[in-house]
Amino acid sequence: MSFPLLTATAALPAVGAIATAAVPAARRTAAKWLALLVSLATLALAVTVLVRFDPDGSRYQLTESRAWIAEFGVRYELGVDGIGVALIALTALLMPFIILAGWHDADPLETKSSRWRPTQGFFALILAVEAMVIISFAATDVFLFYIFFEAMLIPMYFLIGGFGDRAHAGSDENASAQRSYAAVKFLLYNLVGGLIMLAAVIGLYVVAGNFSLQEIAEARANGTLDMATSTERWLFLGFFFAFAVKAPLWPLHTWLPNAMGESTAPVAVLITAVVDKVGTFAMLRFCLGLFPEASKWATPVVLVLALISIIYGALLAVGQRDIKRLVAYASISHFGFIILGIFAMTSQGQSGATLYMVNHGISTAALMLVAGFLISRRGSRLIADYGGVQKVAPVLAGTFLIGGLATLSLPGLAPFVSEFLVLVGAFARYPVVGIIATIGIVLAALYTLVLYQRTMTGPVKPEVSAMPDLRVRELVVVAPLIALLIGLGVYPKPLTELVNPAVKHTMSDVQQKDPKPDVEAAK
């Protein structure tokens, strides 16, 4: 029996979460270091998964399969393709930076709300989310995936509602009420999506007789799975609705600005750079893999919703006065690009969407974490409360600028490759959709540069005149992310070689081929 590497990668942060929570209350620093060491060890295991994965090998590798609930055909089945490997690596990579960035975010306060800030609980919840996300990216049993897809809502609820942003305008009671509202809204939206998905999961079992992704795909390929067109469409809608809430796709997106705005910056990164990626990943693995005909049937509507997300999110980002809500609406726009790439049904679009998931995670982490450092110094999230920061904290301003330029997909930075491939893939099959989507690029440049201009340039406001530059711990967080943005922007080949074979399998699932260029029209 081979070593269960995927199980170990997910189990380590789960065990680490329990151990961190058990650290005595007076030893907060020990809990922080334990969480950091566990996240680094998990990263080492994720790198091992990456090294052992062969992009040219079988579709699912490092597989594990054990009987679980045999009476209902539920198995503990894990396996990764190139897309899953890339997202597991992203998750494990970001966790040490999230923990370091939030080093003091759960330290007790001398206020009534201090009881909501047990340091051990904060870091234990972060590790618990990591474990659940990793198992979600590796699960090839639909029921197993569903359990962890829903279970991750519990620690996220407490991270949003119990450990909110300290730079909240207004009274402590008002801040607590806003956090509670954001947490409940996050939970309700995602629970509704999950309950609808549960009905679809049960329906899938009734039709297929098991929950195994690979067995269902094989039965479909050899013609032994008899699924009526209407049944497939209803099941697709049940799965897609849950994933669209998680993604988030317009009009199911409204929980995200509240959740990110009221969370600490590291938790906001955890939401949009890690947890939300489960939704777009699942569209590729489950919607297209299990329901290929229904996916093609729904494509026109999904593309329209993706376009609305791109334009709507970017327009609202332009008008934001709150730094964190601006990043949240920008993320809604970016997720629109990801979903556009997935449902363009071209290899360029789906490769670009997968790269976008990874690169958006890195760029949003860089921008949001630097924004968090900025906000913690000034004690305000409002853009109008800043000005001239680059004169007093040039390193902070410079890293903020690079994170912002990555957000607008500047050539030479990693997100550019992703966005370019998505637009090329969309234009190849749906030229009008590709043209409309480019409006999002223009708006991204507008909200990013206006944000930088209003916060970092101009006269130095008295409130920021004594603002310190990035400290060593903060530089350790930001510098590797900036290096990755530049490195993957200049040389994305390792990432593209990892995901392209998996994209080919997905294109085969939906029986689609890339459209041939119209040479005559180009003349």
Side chains of Y189 and T254, donor plus acceptor under 3.5 Å: yes

Shortest non-hydrogen separation from A426 to A344 and the atoms involved: CA-CB, 3.9 Å

Flag, side chain of S333 to backbone of G313, donor-acceptor distance under 3.5 Å: no

L408 and I441: CA distance, side-chain angles, deciding distance, side chain to side chain contact (heavy atoms under 4.5 Å, CB included) verdict: CA-CA 7 Å; L408 65 82; I441 301 176; over 6 Å; no

OG on S409 to CD on E419, rounded to 0.5 Å: 3.5 Å

Of I308, L307, V302, V301, the residue whose pairing with V304 passes side-chain contact (heavy atoms from CB on, under 4.5 Å): I308

Side-chain (T20) to main-chain (G16) donor-acceptor, under 3.5 angstrom: yes

Exam field: side chain K277 to backbone L87, donor-acceptor pair closer than 3.5 Å: no

Short side-chain donor-acceptor distance under 3.5 Å, E293 and T229: no

Close side-chain approach of L484 and L93, heavy atoms under 4.5 Å: yes

Where G404 and T448 come nearest, the two heavy atoms and their spacing: O-CG2, 3.1 Å

Parallel, tilted or perpendicular, as decided by the 30° and 60° cut-offs, for the rings of F281 and F286: perpendicular

Greater than 12 external heavy atoms within 6.0 Å of K296's NZ: yes

Audit row: F335, H360, ring pair (Phe, Tyr, Trp, His ring centres under 6.0 Å) steps and yes/no: CA-CA 9 Å; F335 275 102; H360 171 263; 5.3 Å; yes

Contact check, side chains of M95 and V38, non-hydrogen atoms, under 4.5 Å: no

Test item: side-chain donor near acceptor, S212 and D141, under 3.5 Å: no

Side chain R429, main chain M345, donor-acceptor under 3.5 Å: yes

Non-hydrogen atoms of L204 and L235 that approach each other most closely: N-CD2, 3.8 Å

Stepwise side chain to side chain contact (heavy atoms under 4.5 Å, CB included) test for F149 and V278: CA-CA 8 Å; F149 179 81; V278 178; 3.7 Å; yes

Geometric class of the Y146/F143 ring pair [parallel <30°, tilted 30-60°, perpendicular >60°]: tilted

Sub-4.5 Å side-chain heavy-atom contact between V80 and F53: yes

Intermediate values then yes/no, side chain to side chain contact (heavy atoms under 4.5 Å, CB included), M132 and V275: CA-CA 9 Å; M132 294 175 186; V275 171; over 6 Å; no

Side chain to side chain contact (heavy atoms under 4.5 Å, CB included) between M156 and V267, intermediate numbers included: CA-CA 8 Å; M156 287 306 308; V267 172; 4.2 Å; yes

Plane angle bin for W33 and W103 - parallel if under 30°, tilted between 30 and 60°, otherwise perpendicular: perpendicular

Any donor-acceptor pair under 3.5 Å from Q61 side chain to D54 backbone: yes

Sub-4.5 Å side-chain heavy-atom contact between L485 and P415: yes

Heavy-atom side-chain contact between I332 and W250 under 4.5 Å: no

Under 3.5 Å: donor-acceptor pair, side chain of D81, backbone of R59: no

Any L153 side-chain heavy atom under 4.5 Å of K246 side chain: yes

Sidechain-backbone polar pair: E64 side chain, L78 backbone, donor-acceptor under 3.5 Å: no

Residue Y76 excluded, over 12 heavy atoms near OH under 6.0 Å: yes

Close side-chain approach of Y356 and T280, heavy atoms under 4.5 Å: no

Stepwise ring pair (Phe, Tyr, Trp, His ring centres under 6.0 Å) check, F186 with W255: CA-CA 5 Å; F186 162 82; W255 62 267; 5.3 Å; yes

Minimal non-hydrogen separation, G336 against A306, with atom names: O-CB, 3.5 Å

Spatial distance of atom OG1 (T91) from atom CD1 (I134) [nearest 0.5 Å]: 6.0 Å

Side-chain donor or acceptor of T364 paired with backbone N/O of G361 under 3.5 Å: no

Nearest non-hydrogen partners of F427 and I435, listed with the distance: CE1-CG1, 3.9 Å

Pairwise distance OG1(T496) to CG(L355) - rounded to 0.5 angstrom: 6.5 Å

Side-chain donor or acceptor of S65 paired with backbone N/O of E77 under 3.5 Å: no

Side-chain touch L498/L50, heavy atoms, less than 4.5 angstrom: yes

Reported CG-to-CZ distance for the pair L43 and F97, which is rounded to 0.5 angstrom: 8.0 Å

Nearest-0.5 Å distance that lies between atom CZ in R285 and atom CZ in F145: 9.0 Å

Under 3.5 Å donor-acceptor, S351 side chain and Q348 backbone: no

I196 CD1 to L191 CG distance, which is reported to the nearest 0.5 Å: 11.5 Å

Closest contact, heavy atoms only, G82 versus V499: O-CG1, 4.1 Å

Residues, nucleotides or ligands: over 12 heavy atoms within 6.0 Å of W297 CH2: yes

Ring-face cation of K32 near F123 (centre distance under 6.0 Å, axis angle within 45°): no

H253/Y312 under ring pair (Phe, Tyr, Trp, His ring centres under 6.0 Å): CA gap, chis, key distance, verdict: CA-CA 11 Å; H253 68 284; Y312 172 85; 5.1 Å; yes

